[in-house]
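Have a look at the structure below, then the notes.
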Amino acid sequence: MASVARVAAAALVVLAGLASLATAQMESCNGELPPVLAANYSGLACQPVWNNFVLRYHQDKNNVLRVVLSTMYSTGWVGMGFSRDGLMIGSSAMVGWIGKKGLPHIRQFALRGKSSSKVVVDRGFLFSYRLAHQHIIMAFGNSIPVKNKLTRHQDKTSFTFDFTTGKASVDGSFPYGLRRAHGALNVFAWGVLMPIGAILARYFRRVDPLWFYLHVGIQFVGFIIGLAGVVAGVALYSKIQADIPAHRGLGIFVLFLGILQILAFFLRPNADSKYRKYWNWYHHWAGRLALFFASVNIVLGIHVGGGDNSWKIGYGFNLAVILVAVVALEFMLWTRWSKNSTSTPTY
C-alpha cells in the first residue's frame, strides 16, 4: 500500500509541476517562478537541460518527485517524457499547451508509436522507486493540439538526467549513427549508383563493350553498398523495434529484386539463344521496378526517420537531376532510332 500511495502522490505532483510549462517564460535558473507556483515549488534544484528548457526538481525521502519544466513559449505544445530505454516508443509523457481560449492544459500521454493514433491521452506509467539516472525525452510542436491530438514535433532530444547530482548527459540509447548509416548507404546505393548504372545500360550501348563493364561494375558495387545499408537497417530495427511495416516491407521487396538481378547475371543466356529476348525483358523490367520502389522507399524512409531538410533537399535534387537526364537521353535515343532503324546490341 505504501508504494501505491507514493505512485499516486507522484502523479499529482508531476501534473502540478508540469502545468507551469504552458505559461512559464523563463530561460534560465535566474528567473523566478510564477506566483501561482512559488509557494509550493520554490527552493527546487535547477538545471538548464536543452535549448531554453529549464528543469526544476526535488525528490523527497518518500520518492515523490516534484518537477517544474519551463521554457520560452509562444504557441503549440511542450512535452517532457520519462523513458525506460531512452526511446520515444514506450515512454510516458506530460504535455502542456495554451488552448485557443487562453486556458492552460496539461495531459499525460502514453507514447505507444509514432503515429497520432498511437499517442494515447490519459495513459502512461509512473515509477514507484527512487529515480537516479533516468532517460528523459523532450520535444515541442508549433501547433495547438485539437481534441488532445498532438501534432508532429518541431524538434526533439533525449538525454540521461541524474536526479541525484543534477547532471545531464547525451543519451546513447538511440542509435542515431546507425540510423544515419542506414539512410546514407541506401540513398547512395539505390538512389545514386544504381540509377547511373541503369542509365549507362540503356543510353550508352554504342560505346561497346565499355558500357557493359561499367554497368555490371556499378550495379554490383551499388548492390554491396545497399546490402550494407540493409544490414544497418536490421541492426537498427533490433535496437528500436520501430513499427514501420511499409518501409520494412518495401525494403525486403527491393532487396529480393536486387538478388534476382544478381542471379540473372550468372544465368544470362548467350546472345544467339532463343531465350535471350525473354531474359532481356525480365532483366529490364525487374531492374526498373527495383529502382522505382527503391526511390519510393527512400522518400518514405526519410519521412518516417525524421530526416531534416538537408536529407529532403539533397535527395530531391538528386532525383530531379536523374529524371531530367533520363528525359533528355530518352529524347535523344528516340531521335536517333527514328533516323537509324538498326537495333542496339543486346546484353
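Computed over heavy atoms, backbone and side chain alike; hydrogens, waters and symmetry mates excluded.
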Test side chain to side chain contact (heavy atoms under 4.5 Å, CB included) applied to Met80 and Met94, step by step: CA-CA 6 Å; Met80 174 180 177; Met94 303 299 298; 5.6 Å; no
Donor-acceptor pair, side chain of Asn186 and main chain of His182, under 3.5 angstrom: yes
Nearest heavy-atom neighbours spanning Trp97 and Gly76: CB-O, 3.1 Å
Worked verdict on His284 versus Asn280 for side chain to side chain donor-acceptor pair (under 3.5 Å): CA-CA 6 Å; His284 295 167; Asn280 285 338; 4.6 Å; no
Verdict with supporting geometry, Lys312 and Ile302, side chain to side chain contact (heavy atoms under 4.5 Å, CB included): CA-CA 7 Å; Lys312 298 174 184 177; Ile302 292 174; 3.8 Å; yes
Working for side chain to side chain contact (heavy atoms under 4.5 Å, CB included), residues Arg107 and Val95: CA-CA 6 Å; Arg107 304 300 289 267; Val95 180; 5.8 Å; no
Single-linkage hydrophobic cluster Leu103~Val146, side-chain heavy atoms < 4.5 angstrom: no
Hphob cluster co-occupancy, Ile262 + Leu289, side-chain heavy atoms under 4.5 angstrom: yes
Listed once per pair and sorted, the salt bridge (Lys or Arg N to Asp or Glu O under 4.0 Å) pairs that draw on residues 252-265, sequence neighbours left out: none
Kindly list each side-chain donor-acceptor pair under 3.5 angstrom involving residues 190-201, sequence neighbours excluded, with atom names and distances?
none

Student check: side-chain heavy atoms of Arg268 and Trp279 closer than 4.5 Å: yes
Phe204 versus Trp211, closest heavy-atom pair with distance: O-CB, 3.2 Å
Polar side chain donor-acceptor pair, Thr160 to Gln134, under 3.5 angstrom: no
Under 3.5 Å side-chain donor-acceptor pair for Ser273 and Asn270: no
Gap separating the OG atom of Ser70 from the CZ atom of Arg56, nearest 0.5 angstrom: 5.0 Å
pair Val187-Trp311: side-chain heavy atoms closer than 4.5 Å: yes
Non-hydrogen side-chain atoms of Ser295 and Tyr315 separated by less than 4.5 Å: yes
Which residues share a ring-ring contact (aromatic ring centres under 6.0 Å, His included) with Phe293, sequence neighbours left out: Phe253
In a table with atom names and distances, give each donor-acceptor pair under 3.5 Å that connects a side chain of residues 324-331 to protein atoms at least two apart or in another chain.
residue: Glu330; atom: OE1; partner: Arg202; partner atom: NE; Å: 3.0
residue: Glu330; atom: OE1; partner: Tyr203; partner atom: OH; Å: 2.5
residue: Glu330; atom: OE2; partner: Arg202; partner atom: NH2; Å: 2.9
residue: Glu330; atom: OE2; partner: Trp334; partner atom: NE1; Å: 2.6

Inter-residue atom distance Gln59.CD - Leu131.CG, 0.5 Å rounding: 5.0 Å
Ile137 side, atom CD1; Met88 side, atom CE - distance, nearest 0.5 Å: 7.0 Å
Apart from Val321 itself, residues in the same hydrophobic cluster as defined by side-chain heavy atoms under 4.5 Å: Phe317
Val64 backbone acceptor or donor facing Asn62 side chain under 3.5 Å: no
Shared hydrophobic cluster for Ile252 and Ile224 (ILVMFWY, side-chain gaps under 4.5 Å): no
Summary of salt bridge (Lys or Arg N to Asp or Glu O under 4.0 Å) pairs that have at least one residue in residues 128-150, sequence neighbours excluded: none
Min side-chain heavy-atom separation Val67-Leu65 under 4.5 Å: yes
Taking every non-hydrogen atom, the tightest pair across Gly258 and Phe223: C-CE1, 3.7 Å
Stepwise side chain to side chain contact (heavy atoms under 4.5 Å, CB included) test for Val54 and Leu69: CA-CA 6 Å; Val54 174; Leu69 179 66; over 6 Å; no
Minimum-distance pair of heavy atoms, taken over all atoms of Gly251 and Asn297: N-ND2, 3.2 Å
same_hphob_cluster(Val296, Leu255) at 4.5 Å side-chain heavy-atom cutoff: yes
Spacing of CH2 belonging to Trp50 relative to OG1 belonging to Thr71, to within rounding of 0.5 Å: 8.0 Å
Aromatic plane relationship, Phe161 with Phe159 - under 30° parallel, 30 to 60° tilted, over 60° perpendicular: perpendicular
Atom OH of Tyr278: over 12 foreign heavy atoms under 6.0 Å: no
Nearest non-hydrogen partners of Ile144 and Gly99, listed with the distance: CG2-CA, 4.3 Å
For the student: nearest non-hydrogen atoms of Leu150 and Pro145, plus distance: CD2-CG, 3.7 Å
Spacing of Leu250 atom CG and Leu300 atom CG [to the nearest 0.5 Å]: 6.5 Å
Spatial distance of atom CZ (Arg123) from atom OG (Ser92) [nearest 0.5 Å]: 11.5 Å
Parallel, tilted or perpendicular: rings of His283 and His215 (30°, 60°): perpendicular
Verify same cluster id: Trp285, Leu267 (apolar side-chain graph, 4.5 Å): no
Test log, rule ring pair (Phe, Tyr, Trp, His ring centres under 6.0 Å), inputs Phe220 and Phe265: CA-CA 10 Å; Phe220 182 75; Phe265 170 76; 8.7 Å; no
